[in-house]
2 protein chains.
Amino acid sequence: MPEGIRVRAPRSDAAKNRAALLDAARAELNRDPDASLDVIAAAAGLTRRAVYGHFPSREALIAELAEVGAARVAAAVDAMHDPDPVLDLALVGRLVWDDVEHVRAMTRTVVRGPLRDQVLGGALGPLHARIVADVRLAAETGAGRTDLDPEVVARLVEGAAFSVLDESVRTPVGRAEGRRLVILAGLGALGLSWREANDVLGAHAARLTEEAEA
Amino acid sequence: MPEGIRVRAPRSDAAKNRAALLDAARAELNRDPDASLDVIAAAAGLTRRAVYGHFPSREALIAELAEVGAARVAAAVDAMHDPDPVLDLALVGRLVWDDVEHVRAMTRTVVRGPLRDQVLGGALGPLHARIVADVRLAAETGAGRTDLDPEVVARLVEGAAFSVLDESVRTPVGRAEGRRLVILAGLGALGLSWREANDVLGAHAARLTEEAEA
DNA sequence: CTGATCTTGCACAGGTGTGTGCAACCTAAG
DNA sequence: CTTAGGTTGCACACACCTGTGCAAGATCAG
């Protein structure tokens with residue numbers, strides 16, 4: 001929606017600075033969820049005042065940050081599927097973790113904060129739907145639990161992932177260990193025994209735990 | 001430690017107002033974790049200024065609130081034990097839930113906030129130790145998972161309980177349903193399959209899911 | 001009733017944060 | 001080079017919070 005009559009193209013450094021602001025915000029909010037615009041702008045090599053040339057408010061900045069991140073996750077997860085619901089769930093766990101692992105604290109604050117519904121209901125809506133579908137299919141197949149509503153189970157699965165996120169923020173957890181924990185915790189919430197969960201892990205090591213080829 | 005020479009007993013309404021402040025704080029912080037002293041004092045029928053007659057600072061108020069709550073939970077949990085680690089874990093889940101169910105949001109903010117370590121390492125330290133012991137014993141018995149460090153499993157079990165707490169804050173969950181969810185989620189994190197978890201629930205319904213006799 | 005205990009109401013100091021306005025100043029586009 | 005696009009640095013207004021001081025009033029103990 002081009003509203004004003006541009007007599008000249010926007011300067012190229014504008015977009016660059018905007019991106020720098022988003023990057024800086026991601027990094028700073030990853031360290032301190034309540035980082036002020038001042039420190040974010042400084043980290044981007046700009047002034048607080050300049051931020052308002054790119055974003056109407058602090059909230060708008062963070063919201064865009066969250067949406068970009070959510071879109072990234074959604075894209076990463078959409079790139080791989082499996083017909084087996086249990087394996088698919090494990091796969092989702094791995095993909096999400098890989099994409100989020102380096103911005104754990106930031107993810108945590110978004111997912112625990114007021115942006116939660118906006119993000120989970122927005123770009124990540126399809127992901128939730130996929131989890132619910134997997135849970136339901138697993139239940140019908142006999143692999144997953146049938147004692148709880150699939151919607152609730154999906155929430156517990158997601159909650160288990162968030163628990164791992166919490167744990168990984170408190171005590172350092174490596175990338176590989178994080179993957180394993182997310183998958184095991186998720187399958188546990190789905191109703192698998194720990195042996196079954198490990199069987200899944202072992203039977204599909206290539207897709208679940210091994211590093212992607214460079 | 002009686003520091004000043006009291007020529008007269010303290011007024012009886014002082015203690016009452018102090019308790020009212022704690023109650024109001026519990027209620028208000030249950031609605032808004034960042035409730036100001038102003039609204040808390042008002043809810044207690046007092047002025048913000050009067051608060052400082054009872055507590056040296058806002059932080060001290062909240063800290064005392066958290067410690068009182070933690071002590072309550074610790075006492076409730078200490079009143080009942082079982083030698084079977086799996087059943088004991090389920091029992092702990094039930095007892096904690098019953099004690100916390102009516103202050104879910106408040107509990108959530110304490111447990112997710114900076115007071116976490118102070119509380120979990122303080123009055124609730126023994127509870128964590130008990131969970132770790134149960135997890136370890138369950139692993140040795142063959143009932144619980146052995147693929148993860150007991151300390152990590154304990155964290156996952158606690159995390160599962162917190163997930164249920166989150167879920168119950170978002171969508172209303174009855175007292176009985178909460179109990180069931182906490183236990184099932186906890187045993188799932190321990191490594192039981194959903195059928196095994198339900199078997200435990202069924203075999204000990206009296207102690208796990210039924211209301212205590214009045 | 002008397003007086004210590006508590007509460008009130010107001011004021012103030014100090015802090016932190018967001019959002020705006022504006023003149024001066026760089027810097028890239030043409 | 002010219003000029004619009006972008007940034008700076010300063011100013012201010014505003015909101016909100018905590019913590020304190022102090023005089024005046026209310027309230028309970030003895």
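Labels below follow one simple rule: chain letters A, B, ... track the order of the sequence lines, proteins then strands, and each chain is numbered from 1. All figures in this text were calculated on a predicted structure; none of them were measured in a lab.
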Practice task
Please answer whether the main-chain N or O of A:Leu190 pairs with a side-chain N or O of B:Trp194 as donor and acceptor at a distance below 3.5 Å.
Solution key: no

Handout entry: N/O (side chain, A:Thr47) to phosphate O (OP1/OP2, D:dT8) under 4.0 Å
Key = yes

Exercise for the section: With a 4.0 Å heavy-atom cut-off, tell me which residues in residues 12-34 of chain B come close to DNA chain C, sorted by residue number. Expected result: B:Ala14, B:Asn17

Problem - Exam field: side chain B:Arg116 to backbone B:Val111, donor-acceptor pair closer than 3.5 Å - result: yes

Completion exercise
By nearest-nucleotide position on DNA chain D, the 5'-leaning member of B:Val39 and A:Leu46 is A:Leu46

Handout entry: Non-hydrogen atoms of B:Ala123 and B:Ala74 that approach each other most closely
Key = O-CB, 3.7 Å

Problem - Set of side-chain contact (heavy atoms from CB on, under 4.5 Å) partners for B:Thr209, sequence neighbours left out - result: B:Leu201, B:Ala205

Problem - Base-contact (B) and sugar-phosphate-only (S) positions in nucleotides 18-26 of chain C, heavy-atom cut-off under 4.0 Å, - elsewhere - result: BBBBB----

Exercise for the section: Could you tell me whether the phosphate oxygens of C:dT7, OP1 or OP2, come under 4.0 Å of any side-chain nitrogen or oxygen in B:His54? Expected result: yes

Anything under 3.5 Å between a donor and an acceptor, one on a side chain of residues 23-36 of chain A, the other on a protein residue two or more places apart or in another chain? List them.
| unit_1 | atom_1 | unit_2 | atom_2 | d |
| --- | --- | --- | --- | --- |
| A:Asp23 | OD1 | A:Arg26 | NH2 | 2.6 |
| A:Glu28 | OE1 | A:Arg31 | NH2 | 2.7 |
| A:Asn30 | OD1 | A:Ala105 | N | 3.1 |
| A:Asn30 | OD1 | A:Met106 | N | 2.6 |
| A:Asp32 | OD1 | A:Asp34 | N | 2.9 |
| A:Ser36 | OG | A:Asp38 | N | 3.4 |

Just distance, no hydrogens or angles: give the donor-acceptor pairs under 3.5 Å from side chains in residues 85-95 of chain B, sequence neighbours left out.
| unit_1 | atom_1 | unit_2 | atom_2 | d |
| --- | --- | --- | --- | --- |
| B:Asp88 | OD1 | B:Asp82 | N | 2.9 |
| B:Asp88 | OD1 | B:Arg130 | NH2 | 2.8 |
| B:Asp88 | OD2 | B:Arg130 | NE | 2.9 |
| B:Asp88 | OD2 | B:Arg130 | NH2 | 3.4 |
| B:Arg94 | NE | B:Asp98 | OD2 | 2.9 |
| B:Arg94 | NH1 | B:Arg207 | O | 3.3 |
| B:Arg94 | NH1 | B:Glu210 | O | 2.9 |
| B:Arg94 | NH2 | B:Asp98 | OD2 | 3.0 |
| B:Arg94 | NH2 | B:Glu210 | O | 3.2 |

Completion exercise
In short, side chain to side chain donor-acceptor pair (under 3.5 Å) pairs touching residues 71-81 of chain B with sequence neighbours left out are B:Arg72-B:Asp99

Practice task
Look only at the side chain of B:Ser57 and the backbone of B:Ala60, and say whether a donor-acceptor pair between them is shorter than 3.5 Å.
Solution key: yes

